[in-house]
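Values below: every heavy atom of this structure, side chains too, minus hydrogens, waters and symmetry copies. Keep in mind that this is a model prediction, so the values were computed, not measured.
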Amino acid sequence: MAPQTPTSQNQPALGECACMNLRKTARLIAQFYDQRLQPGGLRNTQFTLLVVLDHLSPVSIKNLADHMGMDRTTLTRNLRLLERDNYITAQPGKDARVRMISATGKARVAIKETQPYWQKAQGEFLQKFGEERWTEMREDLTEISRIVTSQD
C-alpha cells in the first residue's frame, strides 16, 4: 500500500510559523529601508554593518558575526563587497588565523551621507507603527533572541 499524501489537516499552519512570519517581516522592513536609503548610496545591510563596524573596529569576523546574529559565511560574503569598495580593511590579528576588520574613512563618510536618509526612514517607520509599540516589540525581539540562543 502506497503512503498517503498528507492532507491540509496534517500540514503545519504556515501562517502561525514564527520563523516564516519573522523572516517575511524582516525582508519587508529591509525593503522599506533600502528604498529610503538609496539616495545615500548604501543598502540597509551595508549601512548597518558599517555603523556596527565603526563602533567595534577593529573586530574579528567571529565577534562581528556574534554581535550581528549572522553566520560567518553570510557575513564574509557581505564583508567582501565592502572591502572591494574600500569601506573596510582586513588585517591579520594576533593569531594569524584571525582577521580583524575595521571601517575606513570612506565608510565614515558614507555613514554620514546616508544617516539622514536612515533617520527619515526610522522616523517614518515609527510614525506608522508607533514609538510605544516599537519599544515593546524591540523588547520582545530582544527576549526572543535570548530565548533562542540560550543553552537550556
Side-chain angles (χ1 to χ4, degrees), residues 1-85 87-88 90 93 97-103 107 110-152:
M1 194 163 138
Q4 291 186 342
T5 307
T7 64
S8 61
Q9 296 155 347
N10 296 353
Q11 294 178 357
L14 290 178
E16 297 173 18
C17 176
C19 184
M20 186 203 73
N21 279 286
L22 288 168
R23 288 181 66 112
K24 176 183 175 183
T25 302
R27 283 190 299 270
L28 292 171
I29 290 171
Q31 290 170 13
F32 174 88
Y33 277 80
D34 278 344
Q35 290 168 355
R36 284 144 184 89
L37 295 181
Q38 193 173 17
L42 294 175
R43 295 180 56 92
N44 179 54
T45 307
Q46 295 169 314
F47 180 74
T48 303
L49 266 173
L50 290 177
V51 169
V52 170
L53 271 169
D54 194 37
H55 282 82
L56 298 179
S57 290
V59 63
S60 70
I61 292 176
K62 181 196 179 313
N63 288 343
L64 182 59
D66 291 346
H67 186 83
M68 298 291 295
M70 295 174 76
D71 67 86
R72 283 188 254 176
T73 303
T74 302
L75 177 59
T76 300
R77 190 171 38 247
N78 286 313
L79 291 174
R80 196 173 299 128
L81 297 173
L82 293 173
E83 189 172 24
R84 178 199 69 194
D85 295 337
Y87 288 119
I88 65 167
R97 296 171 293 179
V98 176
R99 287 179 49 201
M100 300 301 289
I101 309 300
S102 297
I111 291 168
K112 187 175 182 177
E113 290 175 354
T114 305
Q115 191 163 353
Y117 299 104
W118 176 85
Q119 288 173 325
K120 185 176 179 183
Q122 182 76 357
E124 185 180 344
F125 173 79
L126 292 175
Q127 181 185 15
K128 289 180 177 191
F129 188 71
E131 289 192 39
E132 189 174 316
R133 284 176 68 196
W134 171 238
T135 299
E136 291 171 10
M137 180 176 277
R138 194 175 66 237
E139 290 168 1
D140 288 343
L141 291 169
T142 299
E143 179 65 9
I144 290 168
S145 296
R146 188 194 64 73
I147 289 167
V148 299
T149 58
S150 71
Q151 300 298 320
D152 299 348

Quiz: residues 27-37 side-chain donor-acceptor pairs under 3.5 angstrom, not counting sequence neighbours:
residue: Tyr33; atom: OH; partner: Gln122; partner atom: OE1; Å: 2.4
residue: Asp34; atom: OD1; partner: Asn44; partner atom: N; Å: 2.6
residue: Asp34; atom: OD2; partner: Arg43; partner atom: NH2; Å: 2.9
residue: Arg36; atom: NE; partner: Glu124; partner atom: OE1; Å: 2.8
residue: Arg36; atom: NE; partner: Glu124; partner atom: OE2; Å: 3.4
residue: Arg36; atom: NH1; partner: Phe32; partner atom: O; Å: 2.9
residue: Arg36; atom: NH2; partner: Glu124; partner atom: OE2; Å: 3.0

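- With Thr48 contributing its side chain and Thr45 its backbone, the two residues share no donor-acceptor pair below 3.5 Å.
- To the nearest 0.5 Å, atoms CG (Asp71) and CG (Asp66) are separated by 11.0 Å.
- Summarising the local packing, CD of Glu132 is surrounded by 12 or fewer heavy atoms from other residues, nucleotides or ligands at distances under 6.0 Å.
- Separating the CD1 atom in Ile111 from the OG1 atom in Thr114 is a distance of 8.5 Å, to the nearest 0.5 Å.
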Starting from the C-alpha separation in whole Å, work towards a yes-or-no answer on salt bridge (Lys or Arg N to Asp or Glu O under 4.0 Å) for Arg133 and Glu136.
CA-CA 5 Å; Arg133 284 176 68 196; Glu136 291 171 10; over 6 Å; no
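- Between Ile61 atom CD1 and Met68 atom CE the span is 13.5 Å, to the nearest 0.5 Å.
- Among residue pairs with one or both ends in residues 128-150, those qualifying as ring-ring contact (aromatic ring centres under 6.0 Å, His included) are Phe125-Phe129, Phe125-Trp134; sequence neighbours excluded.
- Taking every heavy atom of both residues into account, Gly41 and Gln46 meet most closely at O-OE1, 4.4 Å.
- Residues Arg80 and Glu83 are not paired through a salt bridge, judged by the lack of any N-O separation under 4.0 Å between the basic side chain and the carboxylate.
- In this structure, Asn21 contributes its side chain and Cys17 its backbone to a donor-acceptor pair below 3.5 Å.
- Ser57 places a side-chain N or O within 3.5 Å of a backbone atom of Ala103 that can act as its donor or acceptor partner.
- Atom CG of Leu42 sits about 5.0 Å away from atom OH of Tyr87, to the nearest 0.5 Å.
- Looking only at side-chain heavy atoms (C-beta outward), Leu79 and Leu64 come within less than 4.5 Å of each other.
- Residue Ile88 holds its CD1 atom at 9.0 Å from OG of Ser102, rounded to the nearest 0.5 Å.
- A distance of 9.5 Å separates CD1 in Ile101 from CG in Leu82, rounded to the nearest 0.5 Å.
- Environment of CZ in Arg138: crowded, with over 12 heavy atoms of neighbouring residues, nucleotides or ligands closer than 6.0 Å.
- Using a 4.5 Å heavy-atom threshold, the side chains of Thr74 and Asn78 count as touching.
- Here the closest non-hydrogen pair linking Ala65 and Leu75 is N-CD2, 3.4 Å.
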